[in-house]
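Letters A, B, ... mirror the listed sequences (proteins, then strands); counts begin at 1.
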Protein chains: 2
Amino acid sequence: MTYTLSGCRVITGNEQCPYYPAANIVIKDGIIKKIGPAEICPAEGEQISLRGKLVAPGLINCHHHLPSVLYRDLGSDLPLMDWLQQAMWPAQAHMTGEDAYCAALLSCAEQIQNGITTTVDQYYYADCNARAVKRSGMRAVIGATVFDHPSPESKDTLQTAVDFIEKYRHDERITPCFGPHAPYTESPRTYRRIAALAAEMGVMVHTHIGETRGEIDCIREKYGTTSTQLLEETGLFENRVIAAHNIYLSPQDIDIFAKYQVGAVFCPVSNLKLASGIPDIAPFIKAGIPTAFGTDGAESNNALDLLQDAKIGLLLQKTMHRDAALMPAEQGLAMLTAEAADIIGMAHCLGRLMPGYQADLVVFDDAFANAVPHHATAAQETAHLLYSLSGKNVQSTMVAGKWLMYERQIRTFDYPAVARQVQQRAARIAADAGLL
Amino acid sequence: MTYTLSGCRVITGNEQCPYYPAANIVIKDGIIKKIGPAEICPAEGEQISLRGKLVAPGLINCHHHLPSVLYRDLGSDLPLMDWLQQAMWPAQAHMTGEDAYCAALLSCAEQIQNGITTTVDQYYYADCNARAVKRSGMRAVIGATVFDHPSPESKDTLQTAVDFIEKYRHDERITPCFGPHAPYTESPRTYRRIAALAAEMGVMVHTHIGETRGEIDCIREKYGTTSTQLLEETGLFENRVIAAHNIYLSPQDIDIFAKYQVGAVFCPVSNLKLASGIPDIAPFIKAGIPTAFGTDGAESNNALDLLQDAKIGLLLQKTMHRDAALMPAEQGLAMLTAEAADIIGMAHCLGRLMPGYQADLVVFDDAFANAVPHHATAAQETAHLLYSLSGKNVQSTMVAGKWLMYERQIRTFDYPAVARQVQQRAARIAADAGLL
C-alpha cells in the first residue's frame with residue numbers, strides 16, 4: 001500500500017539534507033519510498049495532510065525497564081539502599097507475569113505518547129514484555145535479565161533468556177538479547193558464559209556499567225580492577241554491547257569503549273534522582289563512541305519523556321564544562337535517532353527519514369504554546385525539537401507505516417482500559433508490599 | 001455565586017491537612033468557602049465532578065520575561081556573549097509594544113496550559129504585558145524594567161516604571177513593582193533611587209542577583225564587594241525584594257538574604273542552558289530564606305513548564321550533595337505554591353487550598369500515561385506531582401474561581417489566533433534582525 005504524508009516540515013536526520021520546510025513523504029509497504037518538496041516528490045496514493053506540522057524520525061529510548069511503571073512514586077526521596085530495600089524489592093516480589101504484561105503495555109502507551117517508536121529494555125518477564133510491545137505496535141530490543149540469583153520468573157534466568165531469544169530471534173519488531181544486570185551483582189563467570197552464548201547466537205547484550213561510585217568501589221575491592229576492564233576480560237565486548245549509565249568510567253575504560261565501539265547510553269534524569277552522579281558525555285563523543293539517551297525505568301525517572309532527558313542531558317554538559325556551545329542540539333538529535341539506531345545495529349533502516357528506511361516517525365503540532373513560534377532553518381528547527389518541544393507536543397506516532405497514535409488517540413489498544421488495570425494492579429502490589 | 005468541585009483528590013498545601021483522597025471544594029465568589037470530604041463538606045450550588053482527578057494549588061512562576069517567547073530557539077548553543085550580541089539584542093531592537101502584547105498573551109497561554117496561575121515578570125513594555133495578563137485572566141507581579149540606558153519603550157525607564165506602578169497599584173490581579181535589571185548593568189545610584197521610591201510607594205522590587213561568575217567578577221572589580229553586599233548598601237533590601245538566580249552568593253550574602261528575608265528564586269533549566277552554573281538551594285533553605293522556582297524567559301529555557309524546572313531543580317540538589325533524601329517533593333511543592341506566595345507578599349490568600357483563600361487551582365487528569373498509577377498517601381501524591389507529572393497533565397486551570405482553561409481549551413482568549421499572530425511577528429523580527 002502506498003500513501004503520502006504531505007506538506008510537513010521535516011527534520012530528516014539525513015546529513016545530506018537535514019531539513020525540509022515543506023515536504024511530501026511517500027510511504028510504500030511501511031518503507032519510505034521518497035521524500036522531498038512536492039515539485040520533485042509528488043504525492044502518490046492517499047494524501048494525509050500534515051501541513052505546517054513538524055515530522056522527525058521516531059525516537060529511540062536506549063535504556064528502559066518496561067514493567068517498572070508499577071513502582072512509579074514508591075519510595076521517592078529515599079537514599080538508594082533504603083529505596084531498594086524498603087520499596088523496590090518488596091514491590092518487585094509481589095509482581096506477576098500478568099502484572100508485567102499490563103504495566104509494559106502502559107509503558108508502551110507512555111512512550112508512544114512521547115514519540116518513542118523503539119524501546120531498548122532489560123527486565124525479567126521478557127516474554128510478557130515482548131507480548132506487550134507486539135500488541136502496542138512498537139519496536140523493541142528486549143534484553144532478558146540474567147541474574148546469578150533466581151528471579152520471580154525463573155530459577156535459571158540464563159536458560160530463560162536463551163529460550164526467550166530462540167522464540168523471538170526471527171520476529172520483525174522484537175530483537176531479543178541478553179540482559180545481565182550488572183557487574184556488581186553478576187559474576188565474571190556469568191558474563192563469560194553470556195559472552196560466549198551471545199557470540200554463538202549472534203545477539204546483543206544490554207547491561208548496566210559504572211552506575212554508582214559504590215559499584216566501582218565494590219568491583220575494585222573484589223577484583224582489583226574497574227567494571228569495564230573486568231567485563232573486557234570476560235570477552236563480553238566481542239559482541240555488540242549496549243551499556244547503560246557510564247558515570248564512573250576512567251579514561252582507560254573509555255578507550256575500551258572506543259576500541260570495541262560499545263554503545264554508551266546516558267540516563268541523566270534517573271541518575272540525578274538517585275543521586276548517582278552526573279554523566280559526562282563529551283569524552284565519549286570525542287573518543288568516537290556511539291552515544292544515546294535512555295529514560296531508565298519509571299521507578300527512578302519517573303516519566304518516560306525522552307526529549308526531556310535529552311534536553312537535561314545536553315544542558316548539564318554545557319554547565320559542567322562551562323561552555324554553552326558544547327553538545328549542540330544536532331548532537332542531541334543524533335543521540336535520539338541515528339546514533340541510537342547504530343547502537344542497536346539498525347543504522348541501515350532506522351533513525352533517519354530517507355528512502356529505503358522504515359517509516360518510523362513522530363508528528364508534532366502546535367496545540368501547546370511551547371511549540372510557537374518556530375523558525376525556518378535546520379539549526380533552528382533542531383533546537384526547537386531538542387529545547388522547546390517535549391512529549392506533550394507529540395500529535396501522532398508511526399511505526400513501519402502504521403499509526404500507533406493518531407491525533408493523540410492510541411490506535412493499537414484500549415489505553416483507558418490498560419490505565420485502569422495498571423492502577424488496580426499497582427495498588428494491590430503497593431498494599432501487599434506494605435507501602436501504603 | 002457558589003458552586004462545588006466534587007470528588008477530587010486534593011493536595012492542599014495546608015500543613016494541617018495536606019491531602020484528601022476524595023474531597024469537595026466549595027467556591028463562593030472566587031474564594032474557597034469550604035474544603036473536605038463530602039461527609040463534612042457537602043456540596044453547595046452547581047456541582048462540577050472532578051472524580052478521580054488531582055487538584056493542587058495553582059503554580060506560581062516567580063521569575064519570567066513574558067514577551068521573550070518571541071526569541072524562542074534563536075541563537076541556541078551560542079556562548080552567552082555571542083548569544084546576546086548576535087541574537088538577543090538584534091531581535092529585541094526590532095520588537096514593538098504590540099509584538100510584546102501578543103507574545104505576552106502567548107506566554108500566558110503556555111503558563112495556563114502548564115498549571116501556572118500567577119507569574120512574576122520583569123521586562124520593558126510592562127503596560128503591554130499587564131494588558132495581556134489581564135486579558136488572559138492570570139495573576140501577575142509585573143516589574144517594570146529599569147535600565148541606566150534607554151529601552152526601545154522609553155528614554156527614562158525609571159519614570160516609565162513609576163507611571164506603570166501608579167496606573168496598576170489598585171488592580172485586583174496585577175501587582176506592579178520595580179524591575180531594575182541587575183547590579184552589573186545598573187548603578188548603585190539607580191538602585192538607591194529605586195530603594196527609596198519602592199519604600200515610598202509601598203511596592204516590591206524584582207531583580208537579578210548573582211547570575212554569572214562574570215557578574216561577580218565585574219562587581220568585585222568595580223566596587224570591591226559582592227552584588228548582594230552592594231545592593232544592601234543601597235537600602236534595597238529594606239523593601240520586599242524578589243531576587244532571581246542566586247548562583248554565586250557567598251555565605252555572607254546568604255546571611256544578608258536571611259536577615260532581610262529576600263525571596264530567593266531559582267531557575268535551574270535556564271542556568272544550565274546558558275552554562276551559568278548550578279544553583280545550590282539547600283543553604284538558602286537551611287538559613288530560613290523563602291525560596292521558589294522560576295522558568296526564566298523562553299529565550300533561555302525554552303519552555304515554561306514550571307513542574308519540569310522544579311523536578312530538575314530538586315534532583316540537581318540531590319546529586320550535588322550526594323543525598324537522594326535531600327530536597328524532598330514536599331519542599332518542591334512549597335517552592336511552587338506557599339513559599340512562592342510568601343515571596344510575593346500573598347501568603348495570606350494564595351498558594352494553599354483552604355477556606356478564605358483565592359480559588360486559584362490546577363486540575364490534572366490521566367489522559368497521558370505518565371499520570372498512571374497514583375498512590376493514596378500525601379507523600380506519594382506529592383512525589384507524583386513533583387516527579388511524575390508535568391505541564392502536559394494539566395487538564396484545567398482556575399484563577400479566582402474562573403476557569404482560564406477547561407478540559408485543555410483556553411477560555412479567556414482565542415489561543416489559535418494568538419499563536420498565528422506570534423508566529424508571524426516572530427518571523428518578521430528574526431528576518432529584520434538577520435537571524436534567518
For the interface with chain A, which of [options] has the highest count of heavy-atom pairs at distances below 4.5 Å?
options                        : result
B:Q423, B:E330, B:K318, B:Q317 : B:Q423
B:A419, B:A383, B:A329, B:P328 : B:P328
B:D366, B:L389, B:N301, B:L70  : B:N301

Please state whether the side chain, the backbone, both or neither of [X] comes within less than 4.5 Å of a heavy atom of chain A.
X      : answer
B:L274 : backbone
B:M320 : neither
B:R213 : side chain
B:L106 : both
B:A298 : neither
B:L74  : side chain
B:T382 : neither
B:S388 : both
B:V269 : both

Side chains of [X] and [Y]: does their closest heavy-atom pair fall under 4.5 Å?
X      : Y      : result
B:T319 : A:I278 : yes
B:K311 : A:Q308 : no
A:V394 : B:F368 : no
B:R72  : A:N370 : yes
B:L316 : A:L316 : yes

Looking only at heavy atoms, what is the nearest atom pair of [X] and [Y], with distance?
X      : Y      : value
B:R322 : A:G277 : NH1-CA, 3.7 Å
A:A275 : B:A324 : CB-N, 3.7 Å
A:V69  : B:P373 : O-CD, 3.2 Å
A:A367 : B:Q113 : O-NE2, 3.3 Å
B:H375 : A:A427 : CE1-N, 4.3 Å

Fill in: Inter-residue atom distance A:S390.OG - B:N302.CG, 0.5 Å rounding
11.5 Å
Fill in: Reported CG-to-CD distance for the pair A:D73 and B:E381, which is rounded to 0.5 angstrom
8.0 Å
Practice prompt. Tell me, for A:H321 versus chain B, whether the close heavy atoms (under 4.5 Å) come from the side chain, the backbone, both or neither.
Written response: neither
Worksheet entry | Interface moiety of A:Y71 toward chain B, non-hydrogen atoms closer than 4.5 Å |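 Neither part.
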Item to complete: Report the residues that fulfil ring pair (Phe, Tyr, Trp, His ring centres under 6.0 Å) with A:H384, sequence neighbours left out, ordered by chain and then residue number.
Response: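 Applying ring pair (Phe, Tyr, Trp, His ring centres under 6.0 Å) to A:H384 gives none.
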Worksheet item: Are the side chain of A:Q380 and the backbone of B:L435 linked by a donor-acceptor contact shorter than 3.5 Å?
Response: yes
Discussion item. Using the rule side-chain hydrogen bond (donor to acceptor under 3.5 Å, both in side chains), only one of B:D305, B:N114, B:N393 pairs with A:K392; which is it?
Written reply: B:N114
Discussion item. As an exercise: rank A:I312, A:T377, A:L78 by heavy-atom pairs under 4.5 Å with chain B and give me the winner.
Written reply: A:I312
Worksheet item: With A:D323, which residues qualify under salt bridge (Lys or Arg N to Asp or Glu O under 4.0 Å), at least two apart?
Response: none
